Amino acid sequence: MQLVSKTYSSAELAYREVKERILSGGLPGGELISEGEIATDLGMSRTPVREAFLRLEAEGWMKLYPKRGALVVPIPPAEAEHVVHARYVVETGAVRAVVAADRSALIAELRASVDRQRELAAAADFERFAVEDTDFHRSYVVAAGNPLLSGFYDSLRERQRRMNSAALHRGSTDTGRIIEQHTGLADLIESGDVAGFATALVDHMSGVHQLEVRGL
């Protein structure tokens, strides 16, 4: 029983570590890696790493090639636009619900998030900045109090974070502009301007991901 527990925890550790590297850009899309190199890096046997790779393949993050290794699946060309469309629907719906109630605690949370973003940007800690960026948007979705909406949004969270990390790593994203836009979004939520928020959100997301958001 103890061996099973140890194997399971090692597999979970390998899964979490490799997935974190994919989401943070440490393992970029298109890179071919082997069980052996990851096992050596993590100080464990190949068996738990193999289990982790199979799990990541099932989730669509990897493609396994016998005797060759595992390919980190690149971000599909259309994925950014699909995620942005889905986020727009969820986030504008959430804000519409949020402005109908007391939002003072939410505004304080959003302002605190912007402050943390400034600190992370100043420290050039882009990985944590990408996480904080994602959490900023999630705050008002959760504040809407709809668990179905929050659950669906969380299913987009990892894809959103990976895209944000990729943009930050390639230097195509201006953190100062992101912080300025986040401040503006918080202002619009505070004033209850849902239409203004929707317009600003499109500008924000299209700028971050460098794409024209069709149909919004």
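Hydrogens, waters and symmetry mates are skipped; everything else that's a heavy atom, side chains included, is used. For clarity, every value in this text was computed on a predicted model and none was experimentally measured.
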Any side-chain heavy-atom pair of [X] and [Y] under 4.5 Å:
| X | Y | result |
| --- | --- | --- |
| F136 | L110 | yes |
| R46 | F53 | no |
| M62 | V18 | yes |
| H204 | I178 | yes |
| E158 | K19 | yes |
| E127 | F129 | no |

Return yes if some donor-acceptor pair links the side-chain N/O of [X] with the main-chain N/O of [Y] below 3.5 Å, else return no.
| X | Y | answer |
| --- | --- | --- |
| E37 | S34 | yes |
| H85 | E81 | yes |
| D154 | R157 | no |

Nearest 0.5 Å, please: how far is [atom2] in [Y] from [atom1] in [X]?
| X | Y | atom1 | atom2 | answer |
| --- | --- | --- | --- | --- |
| W61 | R55 | CH2 | CZ | 13.0 Å |
| L27 | L56 | CG | CG | 10.0 Å |
| L156 | T134 | CG | OG1 | 11.0 Å |
| L185 | D193 | CG | CG | 11.0 Å |

Tell me whether [X] is salt-bridged to [Y], with the criterion being a basic N under 4.0 Å from an acidic carboxylate O.
| X | Y | result |
| --- | --- | --- |
| D133 | R161 | no |
| D135 | R138 | no |
| E132 | R128 | no |
| R162 | E79 | no |
| R116 | D125 | no |
| R21 | D41 | yes |

For [X] and [Y], work out which heavy atoms get closest and say how close.
| X | Y | result |
| --- | --- | --- |
| G26 | P28 | O-CD, 3.5 Å |
| A14 | P48 | CB-O, 4.1 Å |
| A186 | R111 | CB-NH1, 3.5 Å |

What donor-acceptor contacts under 3.5 angstrom involve side-chain atoms of residues 94-108, with partners at least two apart or in another chain?
from : atom 1 : to   : atom 2 : distance (Å)
D102 : OD1    : S104 : N      : 3.3
D102 : OD1    : S104 : OG     : 3.2
D102 : OD2    : S104 : OG     : 3.4
R103 : NE     : I189 : O      : 2.8
R103 : NE     : E190 : O      : 3.3
R103 : NH1    : V99  : O      : 3.0
R103 : NH1    : A101 : O      : 3.4
R103 : NH2    : E190 : O      : 3.1

* **Residues Y15, E59; criterion side chain to side chain donor-acceptor pair (under 3.5 Å); working and verdict** => CA-CA 11 Å; Y15 165 78; E59 293 180 0; 2.8 Å; yes
Is there a path of hydrophobic side-chain contacts, each under 4.5 Å between heavy atoms of I, L, V, M, F, W or Y residues, that connects [X] with [Y]?
| X | Y | answer |
| --- | --- | --- |
| F152 | Y88 | yes |
| L64 | I33 | yes |
| L71 | V73 | no |
| Y153 | L149 | yes |
| I179 | V131 | no |

* Asked: Which of parallel (below 30°), tilted (30 to 60°) and perpendicular (above 60°) describes F197 and Y140?
  -> perpendicular
* Asked: Should the ring pair H137 and H182 be called parallel, tilted or perpendicular, given that the plane angle runs from 0 to 90° and is split at 30 and 60?
  -> perpendicular
* To do: Could you give me the CA-CA distance, side-chain angles and deciding distance for E180 and T175, then say whether side-chain contact (heavy atoms from CB on, under 4.5 Å) is met?
  => CA-CA 9 Å; E180 180 182 351; T175 55; over 6 Å; no
* Please determine, by modelled atom types, if S113 and Q117 share a side-chain donor-acceptor pair under 3.5 angstrom. => yes
* **E91: partners by salt bridge (Lys or Arg N to Asp or Glu O under 4.0 Å), with sequence neighbours left out** => R87
* Mind running salt bridge (Lys or Arg N to Asp or Glu O under 4.0 Å) on R16 and E20 for me, showing each step along the way? => CA-CA 6 Å; R16 290 175 179 272; E20 174 62 25; over 6 Å; no
